[in-house]
Amino acid sequence: MVQSFNSLGIRWFHKHAPQVLRGQLSSALTRTNPENPFLARFCVQFLLTNLICRPDFISYKLADAGNPSVWLNHYLYRIPMAVWTLRNQKAYKTARNKYDMYIFEGFSVK
C-alpha cells in the first residue's frame, strides 16, 4: 500500500503496479506548502486529480475533512475514506463512525 500527496505518483502505481493499493493523501493544502505551485495544491486539496490517478482510497487530514469534495469523491467513486492523524481518544471517537480507516499516532484505542 502506498499513499502520497503527489497525484502523479499515484497515477504511476495505477498504471505500472495496479496490484499495489493506492491512496490519495490530502488536506487543506492551499493554506500550507507555499513552496509547491498553488494550482497543484488546489487540485490535490479538492481531489480534482482523482479522475486521472484513480486512488483506491482517500486519506484526508481529520481537521480538514469537512471539505465537500472529500465526501463527493467518496460517494461518486464509492471509495473508502481514511483519516489522519488521530492523536487522542477524542479524535478517534470523532472519526470512528464517519471513516473507513484511521491513521494513529501516539495513543492506544480502548
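Numbering of residues begins at 1 and proceeds along the displayed sequence. Worth saying up front: this structure is predicted, and the values here are computed from it rather than measured.
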- request: Kindly say whether Gly23 contributes a backbone atom to a donor-acceptor pair with the side chain of Asp56 at under 3.5 angstrom?
  value: no

task: Take the angle between the ring planes of Trp71 and Tyr99 and call it parallel below 30°, perpendicular above 60°, tilted in between.
output: tilted

task: Would you please name every residue forming a side-chain contact (heavy atoms from CB on, under 4.5 Å) with Thr32, sequence neighbours left out?
output: Leu29

task: State, yes or no, whether a side-chain contact exists between Ser59 and Gln24 at a heavy-atom distance under 4.5 Å.
output: no

query: Any side-chain heavy atom of Leu47 within less than 4.5 Å of one from Ser26?
result: yes

query: For the residue pair Phe5 and Trp84, does the interplanar ring angle fall in the parallel (under 30°), tilted (30 to 60°) or perpendicular (over 60°) class?
result: perpendicular

statement: Minimal heavy-atom distance between Ala95 and Leu62, with the atoms involved, is CB-CD1, 4.4 Å

query: Looking at residues at least two apart in the chain, or sitting in another chain, which of them share a side chain to side chain donor-acceptor pair (under 3.5 Å) with Arg78?
result: none

Which donor-acceptor pairs under 3.5 Å do side chains of residues 10-19 form with protein atoms, sequence neighbours excluded?
residue: Arg11; atom: NE; partner: Ile52; partner atom: O; Å: 3.4
residue: Arg11; atom: NH1; partner: Ile52; partner atom: O; Å: 3.1
residue: His14; atom: ND1; partner: Arg22; partner atom: NH2; Å: 3.2

message: Do Met81 and Val70 make a side-chain contact, defined as non-hydrogen atoms from C-beta onward lying under 4.5 Å apart?
response: yes

field: Test item: side-chain donor near acceptor, Asn67 and Tyr60, under 3.5 Å
entry: yes

task: Taking the side chain as every heavy atom from C-beta outward, state whether Leu21 and Val2 have any atom pair closer than 4.5 Å.
output: no

message: For a 4.5 angstrom cut-off between non-hydrogen side-chain atoms, does Leu86 reach Ile103?
response: no

message: Taking the side chain as everything from C-beta on, heavy atoms only, tell me whether Arg96 gets closer than 4.5 Å to Val83.
response: no

query: Hey, are Glu105 and Thr85 close enough side-chain-wise for a donor-acceptor pair under 3.5 Å?
result: no

